[in-house]
2 protein chains.
Amino acid sequence: MHMRNRIGSPWLKGRLRCCGYKITIGREAILDVISKADTHLSAEDIYIKVHSMCPNIGLTTVYRTLEIMVKMRLLHKFDFGDGRARYEIAKSEEGENHHHHLVCTNCNRVIDYNDFIDEEVRLLKETEKGLSRKYNFKITNHLIQFYGLCEKCENLRIKRK
Amino acid sequence: MHMRNRIGSPWLKGRLRCCGYKITIGREAILDVISKADTHLSAEDIYIKVHSMCPNIGLTTVYRTLEIMVKMRLLHKFDFGDGRARYEIAKSEEGENHHHHLVCTNCNRVIDYNDFIDEEVRLLKETEKGLSRKYNFKITNHLIQFYGLCEKCENLRIKRK
DNA sequence: ATACTAATGATAACCATTTTCATTATGTGT
DNA sequence: ACACATAATGAAAATGGTTATCATTAGTAT
């Protein structure tokens, strides 16, 4: 199932209902916007986009909706270090859309990658098993990010010298 | 060299000086507090500890000092999702003190682990090499965190059912 | 339709972090 | 030691993302 098919479809309705949440225009619009986005949106980014379609949806609702969708695991919430949280759609099927991030510490640009993911995930799975056992810790999620300088910023740094 | 030997030693002075920073009581005290801490301290935690020794050091200075020490790579800054940054001393020698985190999404407890680190780091190094080449991205750092429920919170969850 | 209750928007509050700016302390050249 | 240039500092205010409050609206089971 593709992201775009979720919109207006029974898919979200079912997810919301079975978690005890009601179905509203706002919630559909917000998931719609995030599904279609090709970058990692902040709450305000989402608000602006949603608001342009449904002007009677406020920033407060955006925050509240993001919170419940993160709790429902429909969305992932990230901190890339620029003081505002970013959201992206969670993988729809096993593995699909799963990726990690390269974060430029200079310009805050974020590159998604899904090369090398298979090896990473395999090792993570093994690691998780060992950690779960040793620390009695039930792992539900992981975060892998590489920090450094993107091409542009690294070139600027060299020129400046 | 052990952490505790850094305090009052020429070590920090050299690091500061060669980066163009001046040596002050505050900076020494702040690094001292973080070196001796066995948990991940927030800026306010650090402020309170430093302030009890040197009452004329303000929160602003703590923030400023943390910022430059992160930039100097003396400290690592983390976000464990509770709205305030946490700081810990960076590894002193190659690999020493290096660890990753298990973060409880319920109570925000953080467990450091350094089992499995060797395999993880080996894979990361390989991954970094590939990513650097493919995306022209100069990687200087990485972040690995596992999220889930610590023993206590998982037990509570089960009981509640 | 009705009633019950969750969801919402506007506003204010919150709170970690930054900025401002006048004052103080540090390192350098003498 | 001394003075100078300038970085560092503290107090206070500002900033800005996020959360709480509360009266109103809207979804849903009956």
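Being a predicted model, the structure only gives us computed values, none of them experimental. Residue numbers begin at 1 in each chain, while the letters A, B, ... track the order of the sequences.
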Can you confirm whether more than 12 heavy atoms, excluding those of B:I25, are under 6.0 Å from its CD1 atom? no
Does either side chain, that of A:D32 or that of A:S35, offer a donor lying less than 3.5 Å from an acceptor on the other one? no
Integer-rounded Å distance: D:dG17 P and A:E67 CD: 18 Å
Centroid-to-centroid, A:H142 to A:H100, below 6.0 Å? yes
Expected rows: protein N/O vs nucleotides 25-27 of chain C N/O, under 3.5 Å:
residue, atom, partner, partner atom, Å
C:dT26, O2, B:K22, NZ, 2.9
C:dG27, OP1, B:I23, N, 3.2

Identify all side-chain donor-acceptor contacts of residues 83-90 of chain B below 3.5 Å with residues at least two apart in sequence or on another chain.
residue, atom, partner, partner atom, Å
B:R86, NH2, B:D82, OD2, 2.6
B:E88, OE1, B:H40, NE2, 2.8
B:E88, OE1, B:H99, NE2, 3.2
B:E88, OE2, B:H99, NE2, 2.8

Nearest-Å distance for atom pair NE2/C1', residues A:H51 and C:dA10: 12 Å
Can you find a side chain N or O atom of B:R27 that sits less than 4.0 Å from OP1 or OP2 on D:dA8? yes
Could you tell me how far apart B:D79 (CG) and D:dT18 (P) are, to the nearest whole angstrom? 11 Å
Picking from D:dG17, C:dA16, D:dA20, the nucleotide nearest the side-chain atoms of A:E44 would be D:dG17
Separation of C:dA16 C1' from B:D45 CG (nearest whole Å): 13 Å
If the cut-off is 4.0 Å, is A:R64 near the phosphate of C:dT8, judged by side-chain N/O to OP1 or OP2? no
B:Y47 atom OH is separated from D:dT9 atom C1', nearest whole Å, by 13 Å
B:K71 atom NZ is separated from C:dT18 atom P, nearest whole Å, by 11 Å
Partners meeting salt bridge (charged side-chain N to carboxylate O under 4.0 Å, His left out) with B:R73 (sequence neighbours left out): none
Partner of B:H101 under ring-ring contact (aromatic ring centres under 6.0 Å, His included), picked from B:Y147, B:Y113, B:F80, is B:F80
Using atom CD1 of A:I68 as one end and atom P of C:dA7 as the other, report the distance to the nearest whole Å. 7 Å
Would you say A:R15's side chain and A:L74's backbone share a donor-acceptor pair under 3.5 angstrom? no
In whole angstrom, give the distance that lies between atom CG of A:D82 and atom P of D:dG16. 13 Å
Choose from D:dT9, C:dT8, D:dT18 the nucleotide whose nearest atom is closest to any side-chain atom of B:T65. D:dT9
Look at A:Y63 and D:dT18 and indicate whether a side-chain polar atom (N or O) is within less than 4.0 Å of OP1 or OP2. yes
